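To start, the structure itself, in structure tokens.
On a predicted model such as this, the values are computed, not experimentally measured, just so you know. Position 1 is the first residue of the sequence, and the numbers go up from there.
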Amino acid sequence: MRRTRRPRFVLMNKMDDLNLHYRFLNWRRRIREIREVRAFRYQERFKHILVDGDTLSYHGNSGEVGCYVASRPLTKDSNYFEVSIVDSGVRGTIAVGLVPQYYSLDHQPGWLPDSVAYHADDGKLYNGRAKGRQFGSKCNSGDRIGCGIEPVSFDVQTAQIFFTKNGKRVGSTIMPMSPDGLFPAVGMHSLGEEVRLHLNAELGREDDSVMMVDSYEDEWGRLHDVRVCGTLLEYLGKGKSIVDVGLAQARHPLSTRSHYFEVEIVDPGEKCYIALGSSGRRMLLYLLEASSPLLEC
């Protein structure tokens, strides 16, 4: 009697089905691991801070710094947030700014490198160190402090950061963009301090007749050997003689409503030939023709 042989293709099909099943299980496990990593990565972090919805309050001893870091960084589409001071507490030591993702929660925002913050108690800007510089006015209960990044920063990887108080711009600064982005942060340091966090706040448009430091090329009436990149002015001339002058004049003059402006020197260049001043519009035309500097960048 001839022995019957089982068809091979049936066995192979079953093995293929088994391999496909194991591949599917591995794929599901991998997806779950990725989701867990992402969930862990994008978690808000806080210490000595009590979080109740969008309300943050100090929850420590007066000698302990309280710090909150949001779960996600600012982006080109969501580049601004605000903090409303509900109660300034005993000393009003509230800081609002931007920090790297894994910033130490034992320090106020702005105290450590790669962080920056506007401090409500003294109106100073702290940019990577525990000593601040005078920046704006002090803030109390009822005030709103805003912080944002100019959209152009996300293309050049240099963060042009601006701050607001009650919807009006206070000033700006520049710092390198962290590889993982810059995260909204709030610091507190005394009893009774309480704020409300608005991560999806929108900055209202200000009067076009007011020239801000945080402006673009449209805000400059005349440019000569100067390139504008967001809030940066960069000298493009040869710099070999007295006639190689870079000049920039704002489109709008100073007025009773806008009577002050300032420039932060990011890089002094080779000899720091930088001048700041004001003049009439016709005066600038004459200076351009005579190649005599009014404002060098």
Any side-chain heavy atom of [X] within less than 4.5 Å of one from [Y]?
X: C139; Y: I94; value: no
X: L74; Y: P184; value: yes
X: D106; Y: K47; value: yes

message: In terms of relative ring orientation, are H189 and W111 parallel, tilted or perpendicular, with 30° and 60° separating the classes?
response: perpendicular

field: Mutual orientation of the aromatic rings belonging to F163 and F135 [parallel < 30°, tilted 30-60°, perpendicular > 60°]
entry: perpendicular

When you measure from the side chain of [X] to the backbone of [Y], do you find a donor-acceptor pair of N or O atoms at a distance under 3.5 Å?
X: K165; Y: K138; result: yes
X: Q134; Y: G136; result: yes
X: R45; Y: Q101; result: yes
X: S88; Y: N140; result: no

Donor-acceptor side-chain pairing of S190 and E193 below 3.5 angstrom: yes

Can you name the nearest heavy-atom pair linking [X] to [Y], along with the distance?
X: D114; Y: P100; answer: O-CD, 3.2 Å
X: M188; Y: Q108; answer: N-OE1, 3.8 Å
X: G110; Y: Y103; answer: N-OH, 3.7 Å
X: P109; Y: A95; answer: CD-CB, 4.1 Å
X: V96; Y: C147; answer: CG1-CB, 4.5 Å
X: A120; Y: I85; answer: CB-CD1, 4.2 Å

Which value, rounded to the nearest 0.5 Å, describes the distance between [X] atom [atom1] and [Y] atom [atom2]?
X: Y126; Y: K131; atom1: OH; atom2: NZ; answer: 10.5 Å
X: S57; Y: D87; atom1: OG; atom2: CG; answer: 10.0 Å
X: C67; Y: L56; atom1: SG; atom2: CG; answer: 10.5 Å
X: E82; Y: N200; atom1: CD; atom2: CG; answer: 11.5 Å
X: E150; Y: D155; atom1: CD; atom2: CG; answer: 12.0 Å
X: M175; Y: T158; atom1: CE; atom2: OG1; answer: 10.5 Å

What about [X] and [Y], same hydrophobic cluster or not, with Ile/Leu/Val/Met/Phe/Trp/Tyr joined at side-chain heavy-atom distances under 4.5 Å?
X: V51; Y: V195; value: yes
X: V86; Y: I49; value: no
X: L191; Y: V186; value: yes

- prompt: Considering residues, nucleotides and ligands other than H48, do more than 12 of their heavy atoms fall under 6.0 Å from its NE2?
  reply: yes

message: For E202, I'd like to know if atom CD has over 12 heavy atoms of other residues, nucleotides or ligands within 6.0 Å.
response: no

- request: Test E194 against T55 for side chain to side chain contact (heavy atoms under 4.5 Å, CB included), laying out the working first.
  value: CA-CA 7 Å; E194 183 176 309; T55 300; 3.6 Å; yes

field: Criterion side chain to side chain contact (heavy atoms under 4.5 Å, CB included) on R169 and L203, from CA distance to verdict
entry: CA-CA 10 Å; R169 297 205 185 203; L203 180 62; 3.6 Å; yes

task: Test side chain to side chain contact (heavy atoms under 4.5 Å, CB included) on L182 and M177 and set out the steps.
output: CA-CA 7 Å; L182 292 171; M177 183 75 78; 4.1 Å; yes

field: Identified side chain to side chain donor-acceptor pair (under 3.5 Å) counterpart of S84 within the set H198, R196, R144
entry: H198

